[in-house]
Protein chains: 2
Amino acid sequence: MDAALLQIEAGESFERLSLRSVARAAGVVPTAFYRHFQSMDELGLALVEESFRTLRAMLRQAREGLPPEHIIHRSVEILVDRVRAHRQHFLFVIRVGSTGNTVLRHAIRNEIRLFTSELATDLARFPVLREWTTEDLQMLAGMLVNTMIATVGAMLDAPVAGPQSEIEIARVAEKQLRLAMLATPHWHSS
Amino acid sequence: MDAALLQIEAGESFERLSLRSVARAAGVVPTAFYRHFQSMDELGLALVEESFRTLRAMLRQAREGLPPEHIIHRSVEILVDRVRAHRQHFLFVIRVGSTGNTVLRHAIRNEIRLFTSELATDLARFPVLREWTTEDLQMLAGMLVNTMIATVGAMLDAPVAGPQSEIEIARVAEKQLRLAMLATPHWHSS
DNA sequence: TGTACATCAGTGAACGCGCGTTCACTGATGTAC
DNA sequence: TGTACATCAGTGAACGCGCGTTCACTGATGTAC
């Protein structure tokens, strides 16, 4: 799994990653691959699972002990932090999430839907949102998640442009989340 | 180019599309490929260009003659319409836009940035947004574009679930765009 | 504590296959004079 | 109007290569009695 992530980080796409090259990078003969996974798809699914363990940890971290006043600022901070710390996992998820591989794409889409639902549940606790319909909470959560995904995508392309642009991206993300939340008191749900 | 798009529509990813399979689908011998493109990357870039011609036409259509009252509803209608009519192009852009192929990914990211800037310029004409800083207009445009991209992504996965879910996706997209715009009078730019 | 057996990760040879690319070629269509 | 030449898309044989997968194997570690 590490060998695969390393190669993706180096610019390879999971799609054209060969079983043999993964085995090679792992310092093992091609046939040894089969001792661990039946196919590259299975490797991919294992990576999806591992990656989303990271992401769920992030959501948990954001949930507990976030003072409501600075919740947006802190959330973006945590996101930036996590992307830096677990670059490979985010890279994998972002790159494979809209790829041609149907199995992996759906696995990731499902995890993101789950993620969005959890966020919607959290949002329901905000006083302003208490009266909102479930559908509208999902809608809002979806928008926030979309913004975060786009932010991660931009960050992963950013290191080329240096840390300055990373700060810029975080600033924009924070504004976007703030804007979305700013609308909530004026939304008549249902 | 059609042969490549057809195979992508059939579930193949551009990444693992081979020169030979494209030639085969085009009813031509592999070597004939080189009469048209020097490499698969060049084919990809030509497809990026073709696809964004379609997308620019969409923006133009949305710009001209949209009565401000129903502008969001109509925009989503146009988007849904265009995705149905030019499914292959949207599929290509969405799938390749976050892929491992650096050349194509950057080409598409650049086009989307251009697209976002054009939208920002259009937004500047709204009375509510006239006083906004350029940066904030870009921020808002980025958010709207992100929402649209996510919507397209969902739509492209939807046909499996039938036309009912497509209507649902459009409804959510409309709400999300409406929510973002609802915040604008309350945003103190800069 | 010693013996017998099972499990497990890794080995290395071999296979047939589709790949990208080269080369010299063909024959139809377009252009110049 | 006729001739000579250039351009162009497509052909078909050939190459070397990396691929996924099979097979029977090895030797270390764990487990049962």
Side-chain angles (χ1 to χ4, degrees), chain A residues 1-51 53 88-89 91-92 95-108, chain B residues 1-51 53 88-89 91-92 95-108:
Chain A
M1 290 168 73
D2 286 347
L5 288 178
L6 262 172
Q7 282 179 87
I8 288 167
E9 194 176 12
E12 259 310 327
S13 72
F14 184 79
E15 290 288 294
R16 67 188 325 163
L17 214 57
S18 71
L19 182 152
R20 285 182 103 104
S21 74
V22 171
R24 210 178 300 127
V28 125
V29 114
T31 41
F33 179 94
Y34 293 104
R35 294 289 158 201
H36 305 269
F37 305 101
Q38 280 195 31
S39 64
M40 285 296 289
D41 263 20
E42 215 179 70
L43 205 208
L45 288 172
L47 285 172
V48 171
E49 210 169 298
E50 190 183 67
S51 298
R53 256 200 301 280
Q88 294 181 329
H89 285 143
L91 252 176
F92 174 76
R95 295 270 193 270
V96 175
S98 58
T99 212
N101 187 320
T102 319
V103 175
L104 292 185
R105 196 175 70 244
H106 281 103
I108 290 178
Chain B
M1 289 168 75
D2 286 348
L5 288 177
L6 263 172
Q7 282 178 89
I8 288 168
E9 193 175 14
E12 259 309 328
S13 72
F14 184 79
E15 291 288 294
R16 66 187 327 160
L17 215 57
S18 70
L19 181 154
R20 284 182 105 103
S21 74
V22 170
R24 210 179 300 127
V28 125
V29 114
T31 42
F33 179 92
Y34 294 103
R35 294 290 158 199
H36 304 270
F37 305 101
Q38 280 195 30
S39 64
M40 286 296 288
D41 263 21
E42 215 179 69
L43 206 207
L45 287 173
L47 286 172
V48 171
E49 210 169 297
E50 190 182 67
S51 297
R53 254 201 301 280
Q88 293 180 329
H89 285 144
L91 252 176
F92 174 76
R95 295 271 194 269
V96 175
S98 58
T99 211
N101 187 319
T102 319
V103 175
L104 292 185
R105 196 175 71 244
H106 281 103
I108 289 179

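All heavy atoms count here, side chains included; hydrogens, waters and symmetry mates do not. Keep in mind the model is a prediction, meaning the values are calculated, not measured. Throughout, a chain's letter reflects where its sequence line sits, starting with A, and its residues are numbered from 1.
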>> Could you work out, with side-chain hydrogen bond (donor to acceptor under 3.5 Å, both in side chains) as the rule, every residue matching B/Glu49, not counting sequence neighbours?
In response: none

>> Can you give me the closest heavy-atom contact between A/Leu104 and A/Phe14, atom names plus distance?
In response: CD1-CE2, 3.3 Å

Under 3.5 Å, sequence neighbours excluded: what are the donor-acceptor pairs made by side chains of residues 22-35 of chain A?
none

> What pairs with A/Glu42 under side-chain hydrogen bond (donor to acceptor under 3.5 Å, both in side chains), at least two apart in sequence or on another chain?
Replying inline: none

> Taking the side chain from B/Arg105 and the backbone from B/Ser98, do they hold a donor-acceptor pair closer than 3.5 Å?
Replying inline: no

> Looking at residues at least two apart in the chain, or sitting in another chain, which of them share a side-chain hydrogen bond (donor to acceptor under 3.5 Å, both in side chains) with B/Gln7?
Replying inline: B/Ser21

> If you take all heavy atoms of B/Met40 and B/Leu19, which pair is closest and at what distance?
Replying inline: SD-CA, 3.8 Å

> Tell me, which stems hold DNA chain C, with a stem being 3 or more Watson-Crick or G-U pairs in a row and both distances under 3.5 Å?
Replying inline: C:2-33 with D:2-33

> Once each nucleotide of nucleotides 10-25 of chain D is scored for protein heavy atoms under 4.0 Å, what B/S/- sequence comes out, 5' to 3'?
Replying inline: BBBB-----BBBBB--

